[in-house]
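Below, chains carry the letters A, B, ... as their sequence lines are ordered, and counting in each starts from 1. Note that these values count all heavy atoms, side chains included, but never hydrogens, waters or copies made by symmetry.
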Amino acid sequence: QVQLVESGGGVVQPGGSLTLSCAASGFTFSGYGMHWVRQAPDKGLEWVAFIRYDASNKYYGDSVKGRFTVSRDNAKNTVYLQMNNLGTADTAVYSCAKDKGSSTGSFDYWGQGTLVTVSS
Amino acid sequence: DIQLTQSPSFLSASVGDRVTITCRASQGISSYLAWYQQQPGKAPKLLIYTASTLQSGVPSRFSGSGSGTEFTLTISSLQPEDFATYYCQQVDSYPLTFGGGTKVEIK
């Protein structure tokens, strides 16, 4: 069965950096686009980033563009989110999600998420 | 960016009720809309994609309709496990965006 397991969350000071990982299993990882989505405490869903199955295209949400970088290693079945210059508004649970196809934009599987807390 | 406005943001209903949630897009998105259900403490679950296509394994009491700028999610007969928050999402163009959510609670 499809599994997505995020790791790398934690507490970081404002202006700091963090890299999240999402380990995938149960499907042909190299054939699907992958997304990152976040949810601040008691708030709604916010799409963060997308990487195409072959990493040929990457897109970012307006609030993270220029600060976050998405990447993937198809040999390790893992997608990453490097986050720089973090601010308190970035505090959220970050989840990776599998695209239904190469780039449909719909997410058919989600991980449980990893909490990132930006605080001094 | 495309903005999505969901209404209502909160609704109270009883088991067996027919429930309709509306999602309006700030510009036309054809049928490029998805609906998700999120139960407390759980990851969201895809219910509907391309506005009206039921995701595999989702009960048939869920249905979606609409195109262009106005969309609806309908639950024909609300079940206890349906009390959750529902989100629409446009997949027409990047950046992808979500509606603000509709929380369905037990009356």
Side-chain angles (χ1 to χ4, degrees), chain A residues 1-6 9 22 24 26-27 32-52 56-68 70 92-115, chain B residues 1-10 21 23 25-26 29-58 62 64 71 73 84-105:
Chain A
Q1 72 281 20
V2 173
Q3 279 198 306
L4 300 170
V5 180
E6 302 91 343
C22 168
F27 66 102
Y32 292 88
M34 295 295 294
H35 300 261
W36 286 95
V37 180
R38 69 184 182 183
Q39 189 166 29
D42 296 320
K43 298 294 185 184
L45 301 171
E46 180 185 10
W47 174 79
V48 173
F50 165 76
I51 184 166
R52 195 170 154 88
S56 60
N57 287 96
K58 303 175 185 180
Y59 300 103
Y60 299 93
D62 293 343
S63 63
V64 307
K65 201 176 298 184
R67 300 187 299 123
F68 289 14
V70 61
V93 172
Y94 286 73
S95 300
C96 62
K98 171 186 167 291
D99 197 286
K100 270 187 67 67
S102 61
S103 179
T104 69
S106 300
F107 318 143
D108 56 356
Y109 291 93
W110 299 62
Q112 284 300 313
T114 186
L115 176 62
Chain B
D1 298 359
I2 298 172
Q3 312 301 319
L4 296 179
T5 303
Q6 278 184 243
S7 61
S9 54
F10 173 88
I21 299 168
C23 179
S26 59
I29 57 171
S30 185
S31 296
Y32 295 114
L33 190 99
W35 290 96
Y36 298 86
Q37 175 196 65
Q38 187 177 32
Q39 294 174 328
K42 292 191 174 182
K45 174 185 174 182
L46 178 64
L47 299 175
I48 303 278
Y49 60 97
T50 55
S52 60
T53 306
L54 199 66
Q55 171 69 356
S56 175
V58 174
F62 291 93
F71 302 85
L73 172 70
T85 301
Y86 294 84
Y87 294 93
C88 59
Q89 177 212 14
Q90 67 82 16
V91 301
D92 176 76
S93 60
Y94 288 95
L96 306 181
T97 48
F98 288 93
T102 296
K103 188 173 184 179
V104 177
E105 289 201 343

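A:Thr104 approaches B:Val91 most closely through the heavy-atom pair O-CB, 3.5 Å. Between A:Gln112 and B:Ala43, the shortest heavy-atom contact is NE2-CB, 3.9 Å. The two residues B:Tyr36 and A:Gly105 come nearest to each other via the heavy atoms OH-O, 4.3 Å. When all heavy atoms are compared, the tightest approach of A:Lys43 to B:Tyr87 is O-OH, 3.9 Å. Listed here is the closest heavy atom pair of B:Tyr49 and A:Ser106: CB-OG, 3.7 Å.
If you measure heavy-atom distances from A:Phe107 to chain B, the contacts under 4.5 Å come from both the backbone and the side chain. For A:Val48, no part sits under 4.5 Å from any heavy atom of chain B, backbone or side chain. Neither the backbone nor the side chain of B:Asp92 has a heavy atom closer than 4.5 Å to any heavy atom of chain A. Interface remark: A:Phe50 contributes side-chain atoms only to the contact with chain B (heavy atom separation under 4.5 Å). Interface remark: B:Gln38 contributes side-chain atoms only to the contact with chain A (heavy atom separation under 4.5 Å). Looking at A:Glu46, the atoms closer than 4.5 Å to chain B (heavy atoms on both sides) all sit in the backbone: N, CA, C or O.
The closest side-chain heavy-atom distance from A:Trp47 to B:Pro95 is below 4.5 Å. Looking at heavy atoms from C-beta onward, B:Leu46 lies out of side-chain contact with A:Tyr109 at the 4.5 angstrom threshold.
A 6.0 Å sphere centred on OH of B:Tyr32 holds no more than 12 heavy atoms belonging to other residues, nucleotides or ligands.
Highest contact tally toward chain A, considering only B:Lys42, B:Lys45, B:Gln89, is held by B:Gln89 [criterion: heavy-atom pairs under 4.5 Å].
How far CG of A:Leu45 is from CG of B:Leu96: 12.0 Å, rounded to the nearest 0.5 Å.
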